[in-house]
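Structure, as structure tokens:
As the structure lists them, so they are numbered: ligands from 1, and atoms in each ligand from 1. Only this structure's heavy atoms are used, side chains among them; waters, hydrogens and symmetry mates stay out.
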Amino acid sequence: MRIAHISDIHCNYGADFNNKIYEKAVKILNKVNADIIFISGDLTTDGLITEYEYAREKLKEIEGKLVIVPGNHDERNLGWKLFPEFFGETDFIHIYDEINLVGLASSEPDKDNGRLGRGRHKLIERGIHKNDRMTVIGFHHHVIPVPNSGRETNIIDDAGETLDIILKNEVPLVLMGHRHVPWGVKIHKTLLVNSGTFSCNRTRAHFGNTFNIIDIEEEKITVTVIDIEKKKQKKMIEFDFEKGYCKNKYYDSKA
Ligand SMILES: [Fe+2]
Ligand SMILES: [Fe+2]
């Protein structure tokens with residue numbers, strides 16, 4: 001199964017949205033043959049209805065099945081009421097042949113930080129125990145600080161409890177966004193993966209605009225980062241979740 005993991009599109013009529021890079025990104029994305037395209041939030045910048053309309057139009061250029069959770073920017077200015085109208089449910093379990101995908105809204109209206117809460121923790125557990133497929137969890141914020149992203153704030157308020165549920169249940173993959181940089185790290189038997197920003201001008205240093213391609217085979221997860229401007233791809237992580245073996249080029253230059 002192949003998941004295109006994209007994040008932080010930031011459609012707006014101000015300085016955030018880079019339409020030129022978006023067009024480039026979509027051209028690449030439409031050729032990667034992803035089974036699903038998971039968008040980990042921040043489709044807009046201020047949660048305004050004009051931005052939601054713009055985002056919905058721009059997403060029509062993407063071919064394939066979109067699965068979307070909201071980000072903190074989408075919840076601004078009562079945008080949290082618009083999200084379900086435009087993009088459907090915010091918390092869900094989708095069952096595919098290979099995986100259960102648990103999508104969660106981690107944001108709170110008009111706040112930059114997030115929280116999952118007990119209800120969503122229960123949804124994670126329901127996803128895990130539904131069948132014997134592997135579980136993948138996706139939400140906007142992060143559970144540990146993300147390096148190279150500026151201020152290291154906005155870890156969800158209940159990161160400890162969330163991480164505990166994830167690690168105890170050996171969830172192999174968690175997909176996140178928000179910090180506008182690609183990153184991944186294995187903790188215990190879980191791979192935490194961040195997607196960089198797809199089309200926002202607020203990139204960090206030389207990281208540019210990126211998205212991830214995640215290939216899930218029987219026992220292996222491979223994360224490849226696509227640099228949109230340079231049209232280059234770099235295999236970042238290979239994780240054998242049966243054996244627990246993980247090669248992470250982000251940290252291991254010999255890998
Ligand atoms: Fe963002
Ligand atoms: Fe965000």
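In this structure, the ring of His180 has its center less than 6.0 angstrom from the ring center of His10. No close placement of the Phe239 and Tyr245 rings is indicated, their centers lying 6.0 Å or farther apart.
Under 4.0 Å is where a charged nitrogen must lie from a carboxylate oxygen, and between Lys220 and Glu238 at least one such pair does. For the pair Asp91 and Arg120, the salt-bridge criterion is met [side-chain N within less than 4.0 Å of a carboxylate O].
For His178, the N, O or S atom with the smallest separation from the Fe ion (ligand 2) is ND1. Within His10, NE2 is the N, O or S atom that lies nearest to the Fe ion (ligand 1). Looking at Asp8 and the Fe ion (ligand 1) together, the shortest N, O or S contact belongs to OD2.
The angle Asp42:OD2 - the Fe ion (ligand 2) - Asn72:OD1 amounts to 100°, with values rounded to 10 degrees.
With contacts defined as side-chain heavy-atom distances shorter than 4.5 Å, the pair Arg202/Asp16 qualifies.
The Fe ion (ligand 2) has no N, O or S atom of His141 under 2.8 Å away, backbone or side chain. The distance from the Fe ion (ligand 2) to the nearest N/O/S atom of His73 is not under 2.8 Å.
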